[in-house]
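Reading through the structure tokens given below for one structure.
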Amino acid sequence: MRIVSIFLATFSVTSTHSFSFSGKPLAHSAPIHSSTTLCMKTIAVFGASGLTSSECVYQALKNGDKVIGLTRNPSKLNIPAGSGGDKAGQPLTDENLTVIQGDVTNPADVAKVFEADKVDGVIVGLGGKTSEVGETMLTDGTNNIMDAMKSNGVKRIAVITSIGAGDSKNQAPFFFKILMATAMKKIFNDKNNQEEAVMKSGLEYCIVRPGGLTVDPPTGIINVIDGQAGSITRADVADFCLDAVTMDDFPYIGKTPCISSVGGTGWTKDRSKAARGEME
């Protein structure tokens, strides 16, 4: 693992609270892997030491891809709890991993990622407290990333936001809507602006809106929800994001899927009643 000293503002993507709601399914039957997935890609992960982003880093490396990760705290990039098993919490190092310490709101720092290697796809998993990172970090940082992508001919991007962002407000549970309008108002303003910027970018984007996030092991059940969302493991969110940036025929490009492990139609098909949020 190489470490380049810069500074990246990053924070956790949404909370670890779990919701238990089912939703109206959207039609989808694609498998999780495809013959159009190319071998050995280089994936840039912004906010690499975050709980969801570290899952993206870890799983990409396990898939045989190269990863360039930006984080303000390289020492916090550890093997994730969900996918890491008994190695969870140990420093995440690999010969195919380059870690850059830097600030996503600084265009010069973001450019370092694209100078490190030819990037094939980008995952943006920024998060944190507005009081610590500012009220526009998500939007400003994502704009810097997209500008650098365009300058380097990179088209594919997955951006992790949250259930309740953009036009998904009614998919959030009632108590979460209250938080969105009060304690989380500033961060959701930033998330909404971030999503709008991505949708206007002209890039091949997928805005991923997970339900309540957990750090449990991956379930392999990733459902696209049209309605109130349930919980989902960060490991499963990472799996979905990696497909979004590695599969050339990924069906949710130019879309804003809400994903959950409860209800909906499975990305990894599971026809059990439990996967549909029903009792066995």
Side-chain angles (χ1 to χ4, degrees), residues 1-4 6 8 10 13 30-50 52-71 77 80 83 92-100 102 104 107 109-126 141-161 194 197-199 201-208 222 235-257 267:
M1 177 180 70
R2 294 171 285 165
I3 298 180
V4 181
I6 310 168
L8 173 70
T10 180
V13 180
I32 195 164
H33 296 296
S34 166
S35 60
T36 57
T37 300
L38 302 179
C39 297
M40 180 60 85
K41 290 201 172 188
T42 298
I43 300 169
V45 180
F46 290 84
S49 62
T52 305
S53 293
S54 61
E55 281 282 0
C56 294
V57 173
Y58 184 73
Q59 292 182 35
L61 294 169
K62 290 298 182 182
N63 292 342
D65 292 320
K66 293 182 179 179
V67 178
I68 307 170
L70 267 77
T71 172
L77 178 52
S83 297
L92 178 46
T93 61
D94 192 279
E95 63 181 6
N96 287 324
L97 172 62
T98 299
V99 178
I100 298 176
V104 75
D109 294 352
V110 172
K112 293 291 184 179
V113 171
F114 299 90
E115 294 169 1
D117 204 340
K118 183 182 183 300
V119 174
D120 297 298
V122 170
I123 296 175
V124 179
L126 304 172
T142 302
N143 276 325
N144 288 338
I145 293 164
M146 295 189 297
D147 286 344
M149 290 176 64
K150 293 174 184 178
S151 296
N152 289 274
V154 183
K155 297 181 179 180
R156 189 64 67 90
I157 182 172
V159 181
I160 307 169
T161 60
Q194 177 191 31
V198 174
M199 288 186 279
S201 67
L203 297 171
E204 297 176 0
Y205 71 83
C206 179
I207 294 173
V208 182
I222 306 171
D236 288 331
V237 174
D239 195 2
F240 189 83
C241 291
L242 289 169
D243 280 342
V245 298
T246 58
M247 291 178 58
D248 54 15
D249 58 352
F250 188 72
Y252 297 103
I253 295 302
K255 299 182 180 180
T256 57
W267 173 242

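The structure displayed is predicted, hence computed values, not measured ones.
A tilted orientation is assigned to the rings of F240 and Y252, their planes being inclined by 30° to 60°.
Taking 4.5 Å as the limit, some side-chain heavy atom of Y58 sits within range of a side-chain heavy atom of L92. Using a 4.5 Å heavy-atom cutoff, the side chains of I160 and V124 are not in contact. Using a 4.5 Å cut-off on side-chain heavy atoms (C-beta onward), R156 and T246 make no contact. A heavy-atom distance below 4.5 Å is not found between the side chains of V159 and Y205. Between L77 and L97, some side-chain heavy-atom pair lies under the 4.5 Å cut-off. Between I100 and V113 there is a side-chain heavy-atom pair separated by less than 4.5 Å. Using a 4.5 Å heavy-atom cutoff, the side chains of V45 and V67 are in contact. Looking at heavy atoms from C-beta onward, F46 lies out of side-chain contact with T142 at the 4.5 angstrom threshold.
In this structure, D120 contributes its side chain and I43 its backbone to no donor-acceptor pair below 3.5 Å. At least one donor-acceptor pair under 3.5 Å links the side chain of E55 to the backbone N or O of S83. Under the 3.5 Å distance criterion, the side-chain polar atoms of D236 are left unmatched by any main-chain donor or acceptor of I222. A distance-only check finds no donor-acceptor pair linking the side chain of S53 to the backbone of S49 [under 3.5 Å]. No donor-acceptor distance shorter than 3.5 angstrom exists from the side chain of D65 to the backbone of L61, with no hydrogens or angles considered. Formation of a donor-acceptor pair under 3.5 Å by the K112 side chain with backbone atoms of L70 is not found in this model.
Residue Q59 comes nearest to A235 through the heavy atom pair NE2-O, 2.9 Å, listed as atom of the first residue, atom of the second, then distance. Residues S201 and V198 come closest through the heavy atom pair OG-O, 2.6 Å. Closest approach of C241 to V208, counting heavy atoms only: SG-CG2, 3.9 Å. Taking all atoms of both residues into account, the shortest heavy-atom contact from I68 to A116 is CD1-CB, 3.9 Å. Heavy-atom minimum distance, A44 versus V119: CB-CG1, 3.9 Å. A pairwise comparison of heavy atoms in V245 and K41 identifies O-NZ, 4.0 Å as the closest pair.
In this structure, CG in D243 is found 10.0 Å from CG in D249, a value given to the nearest 0.5 Å. Atom SG of residue C206 and atom CD1 of residue I253 lie 5.5 Å apart, to the nearest 0.5 angstrom. One finds the CG atom of D117 at 4.0 Å from the OG1 atom of T42 (value rounded to the nearest 0.5 Å). In this structure, the separation between NZ on K66 and NZ on K118 is 11.5 Å, given to the nearest 0.5 Å. For the atom pair NZ (K150) and CZ (F114), the distance works out to 12.0 Å, reported to the nearest 0.5 Å. Between the CG atom of L203 and the CE atom of M146 there is a distance of 6.5 Å, given to the nearest 0.5 Å.
A salt bridge between K155 and E204 is absent, with no side-chain N of the basic residue lying under 4.0 Å from a carboxylate O of the acidic one.
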